[in-house]
Trainee: 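One structure, as structure tokens, below. Some questions next.
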Amino acid sequence: MASLVAYLQQMTASELMATQTMKSAQAEFRAAEEMLLDCERNLSNISTLPSGSCLVQSVGRRLWKISTSGRVSLELVVHLDEASGKSTRLSWRQVFKD
């Protein structure tokens, strides 16, 4: 009986750790997405972006790759319409880091 109680305690502790890890990862993902959106919105005026918030690289004519850094790293490739200043997402991906 004691081993069953110990097993149930271990399983409960494991489930709590998994839940906390999931909540933490979701919060980091949301923060990275917000940072990415901010950088995407202000792409036409790169000088207004806070330093270190995003990495912005030119990957072609009016094509830009915007990346966040951290445990949760997101990357966008966007097309920037110079006339209107609007950006259009062409691709999106999450980069997994250890």
Side-chain angles (χ1 to χ4, degrees):
M1 187 65 147
S3 63
L4 177 61
V5 171
Y7 176 75
L8 289 174
Q9 287 175 337
Q10 288 176 346
M11 292 303 295
T12 302
S14 293
E15 188 63 31
L16 287 172
M17 286 183 359
T19 302
Q20 290 295 51
T21 301
M22 206 174 345
K23 285 181 180 179
S24 173
Q26 288 172 347
E28 289 179 30
F29 182 83
R30 282 192 294 271
E33 180 64 25
E34 285 296 320
M35 189 183 312
L36 200 62
L37 282 171
D38 189 40
C39 293
E40 182 182 3
R41 285 185 197 117
N42 296 313
L43 183 61
S44 61
N45 193 3
I46 293 176
S47 63
T48 63
L49 296 175
S51 65
S53 62
C54 294
L55 175 63
V56 179
Q57 300 171 311
S58 175
V59 292
R61 189 172 180 186
R62 294 186 297 254
L63 294 176
W64 296 89
K65 178 176 144 185
I66 307 170
S67 305
T68 62
S69 60
R71 275 188 45 205
V72 176
S73 181
L74 303 176
E75 292 181 357
L76 282 181
V77 174
V78 297
H79 176 267
L80 181 64
D81 183 357
E82 293 176 1
S84 67
K86 291 187 178 184
S87 61
T88 304
R89 285 189 183 194
L90 302 176
S91 68
W92 176 97
R93 76 180 190 133
Q94 181 177 3
V95 179
F96 295 96
K97 297 183 180 179
D98 295 331

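Fair warning: this is a prediction, and the values are worked out from it, not measured in the lab.
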Trainee: Is a side-chain N or O of Ser73 found less than 3.5 angstrom from the main chain of Thr68, in a donor-acceptor match?
Mentor: yes
Trainee: Check residues 4-19 and write down every donor-acceptor pair under 3.5 Å in which the side-chain atom is one partner and the other belongs to a residue at least two apart or another chain.
Mentor:
residue	atom	partner	partner atom	Å
Thr12	OG1	Leu8	O	2.8
Ser14	OG	Gln10	O	3.0
Thr19	OG1	Glu15	O	2.9

Trainee: Would Leu43 and Leu74 show up in the same hydrophobic cluster when neighbours are defined by side-chain heavy atoms closer than 4.5 Å?
Mentor: yes
Trainee: What pair of heavy atoms forms the shortest contact from Leu80 to Gly85, and how long is it?
Mentor: CD1-O, 3.6 Å
Trainee: List in chain and number order the residues that pass side-chain contact (heavy atoms from CB on, under 4.5 Å) with Glu28, two or more places apart in sequence or in another chain; answer none if no residue qualifies.
Mentor: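 side-chain contact (heavy atoms from CB on, under 4.5 Å) list for Glu28, sorted by chain: Ser24, Arg71, Val72.
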Trainee: Hey, are the side chains of Asp81 and Thr88 touching, using non-hydrogen atoms and a 4.5 Å cut-off?
Mentor: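 Not in contact.
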Trainee: Are Phe29 and Leu36 linked, directly or through intermediate hydrophobic residues, by side-chain heavy-atom contacts shorter than 4.5 Å (ILVMFWY only)?
Mentor: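 Linked, Leu36 and Phe29 end up in one cluster.
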Trainee: When you group the ILVMFWY residues by side-chain heavy-atom contacts below 4.5 Å and let the links chain together, are Val56 and Leu76 in the same group?
Mentor: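 Yes.
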Trainee: Out of curiosity, does Trp92 fall in the hydrophobic cluster containing Ile66 (side-chain heavy atoms, cut-off under 4.5 Å, transitive links)?
Mentor: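 Cluster IDs for Ile66 and Trp92 match.
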Trainee: With sequence neighbours left out, what residues match Gln26 under side-chain contact (heavy atoms from CB on, under 4.5 Å)?
Mentor: Met22, Arg30
Trainee: Atom SG in Cys54, atom NZ in Lys65: separation rounded to 0.5 Å?
Mentor: 12.5 Å
Trainee: Name the one of Lys86, Arg62, Glu40 that satisfies side chain to side chain contact (heavy atoms under 4.5 Å, CB included) with Val78?
Mentor: Glu40
Trainee: Report the C-alpha distance between Glu75 and Val77 in whole Å, list the side-chain angles of each, state the deciding distance to 0.1 Å, and finish with yes or no for side chain to side chain contact (heavy atoms under 4.5 Å, CB included).
Mentor: CA-CA 7 Å; Glu75 292 181 357; Val77 174; over 6 Å; no
